[in-house]
Amino acid sequence: MKNESRLAADEEAKRVCRFFADDGPAALALVERQLNAIHMRAQVVIGFAAVAVTTTGFSGRLIAGTNTVAQVSIIAGLAIILASCLTIFLRVLSVEWVISRHLEEKLRHTLVSVIESRNRKTRAYRLGSAGVFVGLTVYAIAIAIMLLNPEPLAVPVR
């Protein structure tokens, strides 16, 4: 798998070099924009996760007060969401300077290194996003349980 990934990155780097006629700054700007796009999308996913945490702050006790299944669902949903956010923070949003980390003698080798990093971040973004989606789904089950049980709850208010 790693060798296939390296070959795919090498082929992509060759095509980028040809397209930009070995104009290093332009080629690096392209892959840097791609890295920025992944970072921005990851921040949006983190924003969705923040909604669940905020909702829990306002309604968590009410949702959890419905029954044990709702309690387990809200806790499991939050745990999945937070673990997914950790994946995104550590593997996607980590700061990595292209020049100091990836700069090589030859443009193609530099591009291969940056493209491989971009591909790793993309896979981590997909994994983290899927995790946040699953966590939100489990969380939504807890909310649905609460809504399906519209009886007044005896939840202490502080």
| field | Flag, side chain of Ser117 to backbone of Ser113, donor-acceptor distance under 3.5 Å | value | no
| request: Please check if Leu28 and Leu35 belong to a single hydrophobic cluster, counting links between Ile, Leu, Val, Met, Phe, Trp and Tyr side chain heavy atoms closer than 4.5 Å. | output: yes
| task | Quick one: name the residues clustered hydrophobically with Val72, using the 4.5 Å side-chain heavy-atom rule over I, L, V, M, F, W, Y, and just say none if it's on its own. | result | none
| query | Should Asp22 and Arg108 be marked as a salt bridge (charged side-chain N to carboxylate O under 4.0 Å, His left out) after you check the CA-CA gap, both sets of side-chain angles, and the distance that decides it? | reply | CA-CA 9 Å; Asp22 288 323; Arg108 195 178 98 225; over 6 Å; no
| message | Tell me whether Lys121 contacts the main-chain N or O of Glu116 through its side chain, where contact means a donor paired with an acceptor under 3.5 Å. | response | no
| Side chain of Tyr139, backbone of Thr56: donor and acceptor closer than 3.5 Å? | yes
| Do Arg126 and Thr122 come close enough that some side-chain heavy atom pair is under 4.5 Å? | yes
| Taking atom CZ of Arg41 as the centre, does the number of heavy atoms from other residues, nucleotides or ligands within less than 6.0 Å exceed 12? | no
| task | Specify the closest pair of heavy atoms between Ala142 and Ile74, including all atoms of both residues, with the distance to one decimal. | result | CB-N, 3.7 Å
| query | Is there side-chain contact between Thr66 and Gln71, with heavy atoms separated by less than 4.5 Å? | reply | no
| note | Between Leu111 and Ala13 the two heavy atoms that sit nearest each other are CB-CB, 3.7 Å
| task | Please go through Leu93's hydrophobic cluster and name the other residues, only I, L, V, M, F, W, Y counting, with side-chain heavy atoms under 4.5 Å joining them. | result | Ile38, Val44, Val45, Ile46, Phe48, Ile81, Ile88, Phe89, Val92, Tyr125, Val132, Leu136
